[in-house]
Asks: 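Got a structure for you, written out below as structure tokens; questions coming shortly.
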Amino acid sequence: MLRALSAVALCAALTTTTATAADNKFAVVTVNNPTPDLTLTFDYRWGEGKWETVKALPPGKAMTFSLPLDAKGKAPGFQVKLNRAIGKAKPVIKTWNLDWKPAARAEAKFGSQYEIFRDLIEREYVWLAEVGRR
């Protein structure tokens, strides 16, 4: 009986699959807007590509960006450009380089997570940081 249990355990171990680097097909990054009252507009791009605009990221929502990885598992960097000013504050344009995560699927839960939040000192401005790194 012990041999039968060992054989079953061995078969189970051999049929269990784990994700590997080869399973990763996408570069994924997610930008969250956890603010209770700000609808945000910002630009983004992959590498040196054309800037695209997100016209409205409502409060409490997130947007996920993905790009297929090349044959070597690589993708260009991801950038976000944002006017940090809120309302009538003096405009301040800032560009951030965001890290992406390789993932098997282009879904928010697999991407690097960033959030836009009110600056802790200058409340008329927003900032962007990796979740948990304010």
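Side chains are part of it too, since the values below use all heavy atoms of this structure and drop only hydrogens, waters and symmetry mates. Not measured: the values here are computed from a predicted model.
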Asks: Test Thr41 against Thr53 for side-chain contact (heavy atoms from CB on, under 4.5 Å), laying out the working first.
Replies: CA-CA 7 Å; Thr41 298; Thr53 300; 4.1 Å; yes
Asks: Quick one: list whatever passes side-chain contact (heavy atoms from CB on, under 4.5 Å) with Ile86, sequence neighbours left out.
Replies: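 Leu38, Arg118, Val126.
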Asks: Once you round to the nearest 0.5 Å, how far does CD of Gln79 lie from CH2 of Trp51?
Replies: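 Reported to 0.5 Å precision, the distance equals 4.5 Å.
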Asks: Excluding sequence neighbours, so at least two apart, what forms side-chain contact (heavy atoms from CB on, under 4.5 Å) with Ala89?
Replies: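 So Ala89 forms a side-chain contact (heavy atoms from CB on, under 4.5 Å) with Ala85, Glu124, Tyr125.
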Asks: Partners of Ser112 by side-chain hydrogen bond (donor to acceptor under 3.5 Å, both in side chains), sequence neighbours excluded?
Replies: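 In terms of side-chain hydrogen bond (donor to acceptor under 3.5 Å, both in side chains), with neighbours along the sequence ignored, Ser112 is linked to no residue.
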Asks: Please round to the nearest 0.5 Å and tell me the distance separating atom OG of Ser66 and atom CZ of Arg105.
Replies: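 Output value for this atom pair is 12.5 Å.
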Asks: With sequence neighbours excluded, tell me which residues meet side-chain hydrogen bond (donor to acceptor under 3.5 Å, both in side chains) with Thr64.
Replies: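 Only Thr30 meet the side-chain hydrogen bond (donor to acceptor under 3.5 Å, both in side chains) criterion with Thr64.
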Asks: What's the shortest heavy-atom distance between Ala129 and Phe117, and which atoms?
Replies: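 Between these two residues, the closest heavy atoms are CB-CE2, 3.7 Å.
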Asks: Looking only at heavy atoms, what is the nearest atom pair of Pro58 and Thr39, with distance?
Replies: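 Looking at all heavy atoms of both residues, the shortest contact is CA-OG1, 4.0 Å.
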Asks: Report yes if the distance between the aromatic ring centroids of Trp96 and Trp127 is under 6.0 Å, otherwise no.
Replies: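 Yes: the rings meet the under 6.0 Å criterion.
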Asks: Please confirm whether the ring centroid of Phe78 lies under 6.0 Å from the ring centroid of Trp100.
Replies: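 Centroid distance Phe78-Trp100: not below 6.0 Å, so no.
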Asks: Any side-chain heavy atom of Leu40 sitting closer than 4.5 Å to one from Pro59?
Replies: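 Heavy-atom side-chain distance check fails, nothing below 4.5 Å.
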Asks: Specify the closest pair of heavy atoms between Ile116 and Thr35, including all atoms of both residues, with the distance to one decimal.
Replies: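 Closest approach of Ile116 to Thr35, heavy atoms only: O-CG2, 3.7 Å.
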Asks: Using modelled atom types and a 3.5 Å cut-off, is there a donor and acceptor pairing between side-chain atoms of Glu130 and backbone atoms of Leu98?
Replies: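 Not confirmed, Glu130 side chain does not pair with Leu98 backbone.
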Asks: Sort and list the pairs that fulfil salt bridge (charged side-chain N to carboxylate O under 4.0 Å, His left out) and have at least one residue in residues 42-61, not counting sequence neighbours.
Replies: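 Qualifying pairs: Arg45-Glu48.
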Asks: Does any N or O in the side chain of Asn33 come within less than 3.5 Å of the main-chain N or O of Leu57, such that one atom is a donor and the other an acceptor?
Replies: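 A pair under 3.5 Å: yes.
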Asks: Is any side-chain heavy atom of Tyr44 closer than 4.5 Å to a side-chain heavy atom of Val31?
Replies: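 A side-chain contact under 4.5 Å is absent here.
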Asks: Which residue pairs pass the salt bridge (charged side-chain N to carboxylate O under 4.0 Å, His left out) test with at least one member in residues 62-91, sequence neighbours excluded?
Replies: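 Output for this query lists Arg84-Asp119.
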Asks: I'd like to check Leu69 versus Asn24 (side-chain heavy atoms, cut-off strictly below 4.5 Å). Are they in contact?
Replies: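 Answer yes - side chains close enough.
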Asks: If you compare all heavy atoms of Tyr114 against all heavy atoms of Leu128, which two are closest, and at what distance to 0.1 Å?
Replies: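 Distance-wise, the nearest heavy atoms are CB-CD1, 3.9 Å.
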Asks: Is Glu122 reaching over with its side chain to a backbone N or O of Leu120, donor-acceptor style, under 3.5 angstrom?
Replies: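 No, Glu122 side chain to Leu120 backbone: no donor-acceptor pair under 3.5 Å.
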Asks: With a cut-off of 6.0 Å (strictly less than), are more than 12 heavy atoms of other residues, nucleotides or ligands near CD1 of Ile121?
Replies: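 No, not enclosed.
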Asks: Check side-chain contact (heavy atoms from CB on, under 4.5 Å) between Ala103 and all other residues, then give those that pass, not counting sequence neighbours.
Replies: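 Per chain and number, Ala103 pairs via side-chain contact (heavy atoms from CB on, under 4.5 Å) with Val28, Phe110.
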